[in-house]
Amino acid sequence: MVQKRNKFSSRFGFIAAAAGSAVGLGNIWKFPFEVGKGGGAAFLIIYLFFCFVLCYPLLITEIAIGRRSRKNPVGSFKAMKHPNWTFIGYLSVLCGVLILSFYNVVAGWVFGYFVEILLGNFDIGKNFETFITDISEVGGYSLLFMVVTAFIVSKGITNGIERASKILMPVLVTIMLFLSIYALTLDNAMEGVKFYLVPDISKLNIEVIYRALGQSFFSLSLGMGALITYGSYLKKQEDIISSGAIVTLSDVGIAFLAGLMIFPIVFSQGLDTDGGTGLIFVSLPGVFENMGPVLGIFIGALFFLLLSFAALTSTISLMELPVSYLVDQKKVRREIAVWISAGVIFLIGIPSLIGNGYSEFFTNFITYFGAEKATDFMTFITDLALNTFLPIGGFFISIFAVYVWKRRKLFRELSYGNEKFLKSWIAKYVGFCLQYIAPVVLGIVFVITVLEVFFGVHLFK
Ligand code: TRP
């Protein structure tokens with residue numbers, strides 16, 4: 001029996017869900033510390049370049065593939081009669097599982113911060129390192145997060161994703177706007193703004209480039225077919241071109257806002273910009289404390305609560321990958337697929353959970369060739385899944401779309417819902433980016449990443 005596929009009930013529902021997938025810890029937790037690590041504005045510029053030149057064209061391509069095939073990433077290539085490309089779908093499921101495994105741990109930290117600040121514990125910022133080694137507490141929050149995600153996914157796409165993201169996204173943006181404006185009034189704020197917005201070209205190197213690339217893909221949920229799944233639920237008459245633009249702009253805008261909020265704070269507190277995964281966790285509580293107990297608890301707890309929700313709309317989209325694979329391809333019942341995935345992913349996440357100081361083995365998990373220091377498990381998974389697999393996935397998707405499926409057919413799919421597309425400059429721009437820039441840039445950066453990061457071969461030093 002063929003089940004009728006759920007569809008998004010409105011255009012806004014689709015945009016909210018796709019933006020909900022895109023906007024998450026990637027924008028608010030990861031983006032600022034990557035900017036800090038990458039030396040500020042230099043990273044920001046490269047990041048913006050990748051978002052508009054590579055990511056936007058790929059984003060609408062993924063959605064178009066999904067809508068054309070009406071399948072999850074594994075089934076879609078078969079449905080389009082190119083079964084040899086099914087490996088992209090498997091890569092997608094693998095990436096979804098790997099990313100969600102560590103993402104869920106960080107989401108647990110965020111939720112833990114909500115609880116701590118609600119209890120008035122502003123010292124949590126200074127005690128971040130100890131907090132993340134308290135495995136029973138942090139592990140409990142992660143588990144809770146996974147259970148909530150699984151519950152929502154098991155309810156089905158329209159009910160769960162759409163309703164949740166519709167209400168929560170605008171509230172989050174409002175509170176971030178408030179915090180950025182507040183941050184600008186702090187002492188030394190301008191130093192932070194300068195660091196963030198005035199590029200220092202000497203900071204630019206190949207590592208900054210591939211980190212910015214991985215970050216742009218991760219932040220837009222790209223390169224592994226997550227948006228193929230979303231596209232598969234989209235109606236023919238919907239306009240992919242402008243919906244995709246709205247999703248890209250809001251995701252980039254929110255990341256940008258997060259930077260504008262964090263760097264003045266980091267500078268006003270005299271913290272190290274290269275604070276790594278702890279950057280927002282260490283710097284924000286002090287700000288809430290300064291607002292006084294009542295306002296501080298209110299704004300602080302609300303911020304971390306909303307950040308938990310932003311993370312939730314992303315964990316939902318990540319969970320959807322293994323689940324829709326099991327449901328569509330393996331004919332597993334949705335509820336069962338959800339709970340199997342949740343259990344397996346939680347287990348795979350345990351090394352990330354305990355690899356932040358609690359377990360010596362996973363904290364100093366691997367030393368890459370030529371590296372001085374060992375890398376912890378979570379960073380290793382990030383390097384692998386995010387900085388390596390996502391761009392390579394993007395590489396194959398761009399090749400598939402223009403050279404195998406063919407540009408003509410891709411463009412026809414994109415033009416449903418936007419009749420003017422075929423004759424517009426956007427079509428030329430997207431075509432050029434996909435056909436030439438994406439394969440070349442992604443191919444080169446991929447080779448360099450693998451050589452540099454994992455094998456310590458420095459081509460440019
Ligand atoms: N984009 C999300 C973020 O920025 C993370 C995410 C959700 C994701 N779904 C994805 C990343 C699919 C890659 C692929 O937080």
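Quick caveat, the model's predicted, so the values are computed rather than measured. Remember, it's 1-based here, ligands and their atoms both numbered in the order they're listed.
Tyr196 places a side-chain N or O within 3.5 Å of a backbone atom of Phe256 that can act as its donor or acceptor partner. Between the side chain of Ser21 and the main chain of Ser317, no donor-acceptor pair closer than 3.5 Å is present. Here the side chain of Ser92 pairs no donor or acceptor atom with the backbone of Ala226 at under 3.5 angstrom.
Of the polar atoms of Gly26, at least one N or O is found under 3.5 Å from an N or O of ligand 1, judged by distance alone. Considering backbone and side-chain N/O of Leu220, none are found under 3.5 Å from N/O of ligand 1. Considering backbone and side-chain N/O atoms, Phe218 comes within less than 3.5 Å of an N/O atom of ligand 1.
Using a non-hydrogen distance threshold of 4.0 Å, Trp29 does not register as a contact of ligand 1.
Here the two rings, on Tyr56 and Phe52, have centers that are 6.0 Å apart or farther. Phe365 has its ring centre less than 6.0 Å from the ring centre of Phe362. Side-chain rings of Phe446 and Phe395 stay apart, their centers remaining 6.0 Å or farther from each other.
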Test ring-ring contact (aromatic ring centres under 6.0 Å, His included) on Phe131 and Trp109; report intermediate values, then the result. CA-CA 8 Å; Phe131 173 73; Trp109 298 351; 8.0 Å; no
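A distance of 10.0 Å separates CG of Leu279 from CZ of Phe281, quoted to the nearest 0.5 Å.
Selection from Gly20, Ala226, Ala19, Ala22 by nearest heavy atom to atom 4 (O) of ligand 1 gives Ala22.
The Ser219 neighbourhood of ligand 1 comprises atoms 1 (N), 4 (O), with distances under 4.0 Å to a heavy atom of that residue. Close contacts between ligand 1 and Met224 involve ligand atoms 12 (C), 13 (C), 14 (C) [criterion: under 4.0 Å to a heavy atom]. Proximity to Asn27 (heavy-atom distance under 4.0 Å) selects the following atoms of ligand 1: 4 (O). Distances below 4.0 Å separate heavy atoms of Leu318 from the following atoms of ligand 1: 7 (C), 8 (C), 9 (N), 10 (C), 12 (C).
A parallel orientation is assigned to the rings of Trp405 and Phe400, their planes being inclined by less than 30° (bins at 30° and 60°).
Here Phe217 has no heavy atoms under 4.0 Å from ligand 1, in either its backbone or its side chain.
Ranking the protein heavy atoms by distance from atom 6 (C) of ligand 1 puts Ser221 OG, 3.5 Å first. Here the heavy atom of the protein found nearest to atom 9 (N) of ligand 1 is Ser317 OG, 2.8 Å. Ranking protein heavy atoms by distance to atom 15 (O) of ligand 1, first place goes to Tyr103 OH, 2.5 Å.
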